[in-house]
Protein chains: 4
Amino acid sequence: MTFVTSDSPIAAGYPKKRARTRRQLMNAGMTVLAQKGPDGATVGEIAREARVATGTFYNHFPSINDLVEAVTNELTTGVQIGRETLDQIENDPAVRVLVGTGQLLDLAQDDPESARAFVSLLATVPHFRDRVRSIIGGAIADGVTAGRFAERDVDFTVDALLGSVVQWMRTTLSDEANEQGARSDQFRIALSIVGVPARAHGPLLRRVV
Amino acid sequence: MTFVTSDSPIAAGYPKKRARTRRQLMNAGMTVLAQKGPDGATVGEIAREARVATGTFYNHFPSINDLVEAVTNELTTGVQIGRETLDQIENDPAVRVLVGTGQLLDLAQDDPESARAFVSLLATVPHFRDRVRSIIGGAIADGVTAGRFAERDVDFTVDALLGSVVQWMRTTLSDEANEQGARSDQFRIALSIVGVPARAHGPLLRRVV
Amino acid sequence: MTFVTSDSPIAAGYPKKRARTRRQLMNAGMTVLAQKGPDGATVGEIAREARVATGTFYNHFPSINDLVEAVTNELTTGVQIGRETLDQIENDPAVRVLVGTGQLLDLAQDDPESARAFVSLLATVPHFRDRVRSIIGGAIADGVTAGRFAERDVDFTVDALLGSVVQWMRTTLSDEANEQGARSDQFRIALSIVGVPARAHGPLLRRVV
Amino acid sequence: MTFVTSDSPIAAGYPKKRARTRRQLMNAGMTVLAQKGPDGATVGEIAREARVATGTFYNHFPSINDLVEAVTNELTTGVQIGRETLDQIENDPAVRVLVGTGQLLDLAQDDPESARAFVSLLATVPHFRDRVRSIIGGAIADGVTAGRFAERDVDFTVDALLGSVVQWMRTTLSDEANEQGARSDQFRIALSIVGVPARAHGPLLRRVV
DNA sequence: AATGAATGAGAGTTCATTCAT
DNA sequence: GATGAATGAACTCTCATTCAT
């Protein structure tokens with residue numbers, strides 16, 4: 001299962017070829033965005049990466065900002081889908097936090113391109129960051145309500161959790177050596193941040209490995 | 001053989017004025033960098049913000065990159081000095097972590113402009129991020145060595161700590177309402193991240209308030 | 001794995017239009033280069049002269065230096081072709097020198113724009129001067145080897161010959177009145193420089209008129 | 001005896017220090033002009049080379065063009081002086097041509113800096129070239145009138161002579177190895193150009209060695 | 001729809017010139 | 001007179017966007 005689903009709903013209802021070109025541009029956009037960031041990415045380079053003429057870009061996106069927007073939406077849709085799916089199978093908020101955390105850790109290890117785009121856009125596109133934060137905030141608020149997490153300010157807990165996961169992703173993406181064990185460290189940190197006592201860490205970790 | 005006998009002219013100029021202009025440029029650079037990031041900032045805008053002609057910029061910095069470098073240096077120097085001072089007065093690594101954390105929280109509340117630059121540049125200038133991380137890493141390694149902190153991977157602990165503080169700063173900078181109490185929440189989170197048991201939080205917090 | 005299956009787009013564009021624009025830029029480049037020299041010529045002026053937007057220049061030449069390079073290549077290619085053609089029809093080195101000289105004299109009278117560029121660039125673009133000198137040097141070395149020319153230092157003979165022809169071109173280009181007779185004077189000077197005795201001048205001149 | 005006299009009449013009548021600063025600027029101007037040409041030379045670099053502040057330049061020259069003009073004048077004054085001096089001591093036009101030629105050859109070997117400036121400015125400053133050509137033209141016209149030279153178009157003879165000498169200078173200035181013998185080759189070329197028969201070369205050469 | 005040449009606003013940088021000290 | 005900081009016009013080059021084919 002991959003984080004970014006290629007049958008994004010946005011592409012629905014268009015003739016095949018148009019959809020294919022659009023997908024090429026989306027993929028290229030993600031690649032280039034991941035490498036250069038939103039300020040370094042140029043329409044020319046995205047079109048070249050997509051094996052398409054510059055002008056073609058504008059048959060699919062009114063401006064470069066709209067491409068960023070679309071990529072961003074797709075990334076968020078992935079998170080959203082992950083969360084909805086989760087709601088149906090798991091009720092313990094602590095496990096949900098670990099699963100969500102694990103999704104991002106997986107992304108960094110399995111699909112570095114998307115992960116790079118995720119991290120890069122998170123740092124630079126405010127509305128993307130806000131959306132991600134609100135998704136995580138929902139999960140944490142549930143945990144607090146359920147008495148499972150410490151009663152801390154939710155926003156700060158979100159920030160701490162997201163911040164630490166993102167830093168972990170960044171490190172993973174830039175390191176060649178991915179030492180094992182680091183993953184469970186990050187899980188423990190996540191649990192610490194939301195306020196699950198250390199003595200409860202062990203059993204929870206066993207459920208998500 | 002030449003007629004030239006006079007010595008090279010000594011710098012007799014206007015050090016006051018030069019220094020003042022440079023400071024205007026540094027301040028303007030921080031402001032603009034904070035708002036636009038290093039890619040969005042332009043020499044023209046920085047010069048305008050500094051109430052100075054475009055060309056004047058280049059009397060003080062060889063290129064726009066050097067201004068970024070100078071700003072990050074200044075930001076790091078501030079942290080560095082704080083840390084050195086700290087070394088002389090305080091030995092408990094936990095307190096040192098809290099003081100360091102508090103410095104950044106203070107920055108966000110007392111000098112939003114610098115804080116904005118700090119956060120923005122941390123996300124976008126690798127050189128700067130690395131330097132900050134190595135400073136924090138030193139403090140944490142000390143704590144682990146002293147048996148005061150949990151024995152986790154130092155790098156990930158650094159990422160988690162820095163990430164959560166930075167997210168806190170971001171929120172503070174964008175919120176109008178700065179509720180009190182948040183500060184001690186963040187302190188507790190910081191202690192959780194480095195692995196100081198919750199029962200020890202109270203006394204430590206009292207020492208840095 | 002990617003959805004992209006279509007081949008890289010083949011260059012289907014508008015080769016006609018592209019070639020025309022490029023020629024406009026080359027012509028404009030020659031004109032402006034001739035008037036202002038390589039240091040005085042600006043992309044803006046060349047584009048204006050070519051009735052084209054500034055940015056269009058960079059669709060055809062990566063930098064202003066490459067335009068200079070292209071212009072000098074074209075100028076040298078003209079001479080080179082002339083020489084190769086010559087090799088096949090004429091063996092007397094003295095005649096070859098006269099034909100080569102005549103080519104440049106013709107250039108000055110028939111295509112003043114190119115001639116101006118030739119003279120201007122010869123004085124200012126070392127790369128171009130060296131190429132021209134080596135072409136002329138080849139012809140003279142042949143003549144010396146064949147015992148047709150005086151045994152002088154080839155390099156200096158080249159300099160003298162080229163120098164005198166260029167000065168002749170310069171004068172022709174700045175004078176309104178092009179008196180006849182001057183041409184044969186220059187032919188005699190050329191023969192003197194390479195060391196063909198004066199008594200042999202008459203018959204040779206008759207062959208190239 | 002050097003080509004460029006340091007007690008240029010222009011400096012007369014000023015207080016010592018002013019004159020000295022002006023001379024520093026003239027020397028620096030010649031050096032930089034020779035290295036970078038009139039388009040590459042900047043006021044900043046000339047001032048630095050003269051060990052003087054930028055602003056000082058404008059106490060002596062209203063604009064950078066006036067510095068070029070002044071350097072140019074000085075160079076021409078040197079030629080002029082050489083010619084006037086010559087008028088008093090030598091009547092044979094052929095010898096005068098050889099002495100003039102020799103002056104420039106000497107310059108290239110003894111004072112490369114001035115020589116470089118001479119060559120560089122000759123190619124790029126029209127009014128300088130015109131002045132030099134008129135001086136040489138005078139000498140050649142005299143020779144034709146006296147029946148000493150062939151009756152060729154004076155202007156073309158000037159161009160050929162100046163052109164060949166300048167090319168000789170250029171080569172000398174860029175070569176490390178200055179082979180002897182080249183000098184007399186150039187003398188012979190000069191005599192050929194003005195139309196002195198080869199059999200008369202020997203005695204004339206002996207008079208100027 | 002796709003193409004890619006053309007466009008022109010805007011960015012970084014240089015440098016002749018001015019001017020307060 | 002000398003100084004060097006400040007100025008701003010001009011230059012090279014980039015790139016989002018338009019448009020004829």
Side-chain angles (χ1 to χ4, degrees), chain A residues 14-15 17-18 20-22 40-48 52-65 67, chain B residues 6 9-22 39-47 50-65, chain C residues 6 9-22 39-47 51-65, chain D residues 14-15 17-18 21-22 40-48 52-65 67:
Chain A
Y14 289 85
K17 187 169 182 190
R18 179 168 175 80
R20 194 193 310 153
T21 303
R22 187 190 163 88
T42 68
V43 171
E45 185 171 358
I46 291 169
R48 204 179 318 121
V52 136
T54 309
T56 302
F57 182 95
Y58 289 90
N59 284 334
H60 294 270
F61 302 97
S63 88
I64 193 173
N65 294 325
L67 185 265
Chain B
S6 73
I10 311 293
Y14 317 82
K16 289 269 185 48
K17 186 168 191 185
R18 180 170 178 81
R20 194 194 320 145
T21 303
R22 190 190 158 89
D39 290 313
T42 70
V43 171
E45 185 170 358
I46 291 170
R51 311 278 183 166
V52 136
T54 308
T56 300
F57 181 94
Y58 291 92
N59 284 341
H60 294 269
F61 303 96
S63 87
I64 194 173
N65 296 324
Chain C
S6 72
I10 310 293
Y14 317 81
K16 289 269 186 45
K17 186 169 190 185
R18 183 171 175 79
R20 195 192 321 145
T21 303
R22 191 189 157 90
D39 290 313
T42 70
V43 171
E45 184 170 359
I46 291 170
R51 311 276 184 170
V52 137
T54 308
T56 301
F57 180 94
Y58 292 92
N59 284 341
H60 294 269
F61 303 97
S63 86
I64 195 174
N65 297 323
Chain D
Y14 291 85
K17 186 170 184 190
R18 178 166 176 80
T21 303
R22 188 190 162 90
T42 68
V43 171
E45 185 171 358
I46 291 170
R48 204 178 319 117
V52 137
T54 309
T56 302
F57 182 95
Y58 290 89
N59 285 333
H60 293 271
F61 302 97
S63 88
I64 194 174
N65 295 324
L67 186 264

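Please read all numbers here as calculations on a predicted model, not as lab measurements. Residue numbers begin at 1 in each chain, while the letters A, B, ... track the order of the sequences.
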Inset, instruction - Report the distance from atom CZ of B:Phe57 to atom P of F:dA9, rounded to the nearest whole Å. - result: 19 Å
Inset, instruction - With a 3.5 angstrom cut-off on both distances, give the Watson-Crick or G-U wobble partner of E:dA1, or none if there isn't one. - result: none
Legend entry - Length of the line joining B:Ile46:CD1 and E:dA11:P, which is rounded to integer Å: 12 Å
Legend entry - Distance in angstrom units between B:Arg20 CZ and E:dA20 C1', rounded: 12 Å
Legend entry - Intermediate values then yes/no, side chain to side chain contact (heavy atoms under 4.5 Å, CB included), A:Tyr58 and A:Val43: CA-CA 9 Å; A:Tyr58 289 90; A:Val43 171; 3.6 Å; yes
Legend entry - Value in whole Å for how far the P atom of F:dT3 lies from CZ of D:Arg48: 14 Å
Inset, instruction - Please state how far atom CZ in C:Arg22 lies from atom C1' in E:dA6, giving the value in whole angstrom units. - result: 16 Å
Inset, instruction - Kindly say if A:His60 contacts the phosphate of E:dA1, meaning a side-chain N or O under 4.0 Å from OP1 or OP2. - result: no
Inset, instruction - Quick one: closest heavy-atom pair of B:Ala47 and B:Ala53, and the distance? - result: CB-O, 3.9 Å
Inset, instruction - Counting heavy atoms from C-beta on, name the nucleotide in E:dA5, F:dT3, F:dA2 closest to the side chain of D:Val52. - result: F:dT3
Legend entry - Of A:Thr21 and B:Asn65, the one whose closest DNA chain E nucleotide lies more 5': A:Thr21
Legend entry - Length of the CZ-C1' vector between C:Arg51 and E:dT7, whole Å: 17 Å
Legend entry - Nearest-0.5 Å distance that lies between atom OG1 in D:Thr54 and atom CZ in D:Arg48: 8.0 Å
Legend entry - Base-pairing mate for F:dT17 - Watson-Crick or G-U, with both contacts under 3.5 Å: E:dA6
Inset, instruction - Considering non-hydrogen atoms only, spot the tightest contact between C:Val52 and C:Phe57 and give its length. - result: CG1-N, 4.4 Å
Inset, instruction - Could you state the atom-to-atom distance from CD of A:Glu45 to P of F:dC15 in whole Å? - result: 9 Å
Inset, instruction - Would you name the heavy atoms of A:Thr21 and A:His60 that are closest together and state the gap between them? - result: CG2-NE2, 3.4 Å
Under 3.5 Å between N/O atoms: give me all the protein pairs with nucleotides 14-16 of chain E, atom names plus distance.
{"unit_1": "E:dA16", "atom_1": "OP2", "unit_2": "D:Val43", "atom_2": "N", "d": "2.7"}

Inset, instruction - Enter the distance from C:Thr56:OG1 to C:Arg18:CZ here, rounded to the nearest 0.5 Å. - result: 10.5 Å
Legend entry - Nearest-nucleotide pick for C:Arg18, side chain only, options being E:dA5, E:dG4, F:dA2: E:dA5
